[in-house]
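I have placed the structure first, in the form of structure tokens, so that the comments after it can refer back to it.
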Amino acid sequence: MKILKLPKANFNKFLLGLNNYGEVHIPKKKSEETYVFAPMEDPSEVALEYLRTVIPPKKYFFKPKEALFKHSDGKNFIEHIEDVNKKLILFGLHPCDIHGLKILDIVFGTGYIDKYYFARRKNTLIIGLSCMPDEKCFCRSMGTDATEDGFDLFLSELKNSYLVTVGSSQGDDITNDMKDLLTEITRKDTNEYLKIRNERKKRFTLQLDISDLPYILELQRESEVWEDLGKKCLCCGSCSMVCPTCSCFNIYDKLSLDTKQTERVRQWDSCLFKDYAVVAGGHNFRANRADRVRNRYYHKQHGFVTQFGKPSCTGCGRCIQYCPTQIHVVEVFNKVRGED
Amino acid sequence: MNKKPKIGIFGLTSCAGDQLAILNCEDELITIADAFDILDWEMAKTNNDKVTELDIAFVEGVVAQTRDLEALQAIRKRSKLLVAIGTCAVWGGVAAMKNQIPREILKKEVYGEEINVVDAVEALPVRSFVKTDILLPGCPIEKEQFLQIAASLLHGDLPELLNFSVCSECKMRENPCLVVEKGEVCCGALTVSGCNARCPSHNIPCGGCHGPIEEVHYDANYTMFEQRGITKEEIQNKMANFATPAWMGQKLISEIK
Ligand code: SF4
Ligand code: SF4
Ligand code: SF4
Ligand code: SF4
């Protein structure tokens, strides 16, 4: 592991320099509380204070809506992978979102390899950025508050500089190309880093105890918590859309009037939607709202844990921020634990 | 379908906006006219055939007069498939917005005591009277959705319209949530998608013009706004406009005596 230092005076030059490696996307401010990842037109647009974007970086690899293949002669399908040759630099991912991608890598890479996802994933450089949590962050409880891999470069903010951790050979190439902007780290930097790190640790106010959560969930399948939640949830799907690990999709054919051109489209879906679990013949396995809400929570903290040994929640707080009716994932699990 | 499907496009009491939306498919109109045999479309052509059996009828509007019902029944009788187009035809829409007020009162208010020639009945959607095979809400309908339905029917297929909320589309477009950030009454959670969250994308709360999703959670929608200090009346005034008959059916709005 190589760690260098980028003085803040050189930061804009560094961002501009990234343009040499592909299309740079950065966090930008959209409204008072809203941030999005979007293409960088000017380094001054970067919203370094941001904590969470509406949609996580999953949108670059698993697109909200895309044609998987097309046919134009009424017979043969032509495979179609959007942005397959586009080099992308994603700047500013916090550790939780890097973990989000690591979870999606498992989802889309286990058993059947999703080539659409990986075609774009492998053409993307990830540059991480440190953060200070707010009252909706509980990544520390999920073990996603720091990361040793999953990035090409990672920037940890100090007062007047960033520590730049190199996480891949491509990241190393960038630091070599930009060596004029970088310096060696000193003891003082290390001490400053430790101070900030310890301060950050204290700033986490939201906690979720996941030690025996799958076990408790198994026991609590019939808990009234789920009925109550079903009474409150609108099944609007916002929490699924904004979740870095929600990855369900629907597939349908888009036809044309000349009856020859067809597209097979994949579009984000959610287990909260009424018709999600409808099968041929019309039976709905999760016709009740309460069952659908429970399913989302069980998938994050029970199903995924049993299958892959860790939860598929990164503690990013997006579902807390964007639920219009203020359903709070940590409060829900605390109730299930009987701890509210 | 091998032969060109015979179709008719009709308007009951309505603003003709959905028929206009079809006419606005400028680039595709010739293809539509080529692919379908348009026998009956008062708004767009002369020499309309009023008797031949139709493969598909597209019907816009509500039944708000006795003659609407007669026209609708005649259309249903001569058509194999009936597609209700527009929120009026599917949910009652704007025309049914004041259904809680009896027609007698409204007639007097609008036309005065003397005039009593207006044949007005409670405004109700097409599907309250006849079997509908496909429902395409929208005020007006979305061109893209109409073309999808037309294309599916040409393939001999029944179209599948997505049935999730405007909120999901709103989040896919990464809009700030107007409920969360501004405490406004937004109909996104109970309204069916299709418009790509047009209004919230322009910073205006969704007014619900596409009508409700398959399973509206009325109670939870009330709770969401009541917990932000908004009254039941205000919530109803903002949310029930395009589907008043459904809200009345749920006994959430009652008739004014
Ligand atoms: S469940 Fe909520 S907190 Fe967890 S990863 Fe998804 S959006 Fe973030
Ligand atoms: S965002 Fe809230 S109301 Fe909407 S589906 Fe999720 S939990 Fe339910
Ligand atoms: S602004 Fe309206 S449509 Fe968008 S997420 Fe919020 S409630 Fe839903
Ligand atoms: S956002 Fe709501 S009111 Fe606006 S067009 Fe869409 S459904 Fe209609």
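Naming: A, B, ... by sequence-line order, numbering from 1 per chain.
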Relative to chain A, which segment of [X] carries a heavy atom at a distance below 4.5 Å: side chain, backbone, both, or neither?
X        : value
B/Leu190 : neither
B/Gln148 : side chain
B/Glu144 : side chain
B/Asn203 : neither
B/Asn221 : both

Contact part of [X] toward chain B, heavy-atom cut-off under 4.5 Å: side chain, backbone, both or neither?
X        : answer
A/Tyr276 : neither
A/Ala38  : neither
A/Val242 : side chain

Any B/Glu169 side-chain heavy atom under 4.5 Å of A/Lys65 side chain: no
Interface residue of largest heavy-atom contact number with chain A, from B/Leu162, B/Ile32, B/Asp157, under 4.5 Å: B/Leu162
Chain A interface, residue from B/Ser152, B/Ser168, B/Cys167 that has the most non-hydrogen pairs under 4.5 Å: B/Ser168
Donor-acceptor contact present, side-chain B/Gln227 to main-chain A/Thr325, <3.5 Å: yes
B/His217 side chain vs A/Cys233 backbone, donor-acceptor pair below 3.5 Å: yes
Winner by heavy-atom pair count (cut-off under 4.5 Å) against chain B, out of A/Lys30, A/Lys232, A/Lys59: A/Lys30
Options A/Gln321, A/Lys254, A/Gln267, ranked by heavy-atom pairs under 4.5 Å with chain B, top entry: A/Lys254
Straight-line distance of [X] [atom1] to [Y] [atom2], nearest 0.5 Å:
X        : Y        : atom1 : atom2 : result
B/His155 : A/Asp253 : NE2   : CG    : 9.0 Å
B/Ile30  : A/Leu257 : CD1   : CG    : 12.5 Å
A/Ser31  : B/Glu174 : OG    : CD    : 11.5 Å
A/Leu234 : B/Ser165 : CG    : OG    : 8.5 Å
A/Asp275 : B/Glu160 : CG    : CD    : 7.5 Å
A/Leu255 : B/Leu147 : CG    : CG    : 12.0 Å

Residues, nucleotides or ligands: over 12 heavy atoms within 6.0 Å of A/Glu49 CD: yes
Atom NE2 of A/His283: over 12 foreign heavy atoms under 6.0 Å: yes
Nearest heavy atoms of [X] and [Y], plus distance in Å:
X        : Y        : value
B/Val216 : A/Arg289 : O-NH2, 3.4 Å
B/Ala189 : A/Cys236 : CB-CB, 3.9 Å
A/Pro324 : B/Met224 : CB-SD, 3.5 Å
B/Lys171 : A/Ser238 : CG-OG, 3.6 Å

Working for salt bridge (charged side-chain N to carboxylate O under 4.0 Å, His left out), residues B/Glu214 and A/Lys274: CA-CA 7 Å; B/Glu214 187 183 345; A/Lys274 167 90 176 172; 5.1 Å; no
Verdict with reasoning, A/Gln326 to B/Arg228, per side-chain contact (heavy atoms from CB on, under 4.5 Å): CA-CA 11 Å; A/Gln326 293 165 317; B/Arg228 292 186 153 86; 4.0 Å; yes
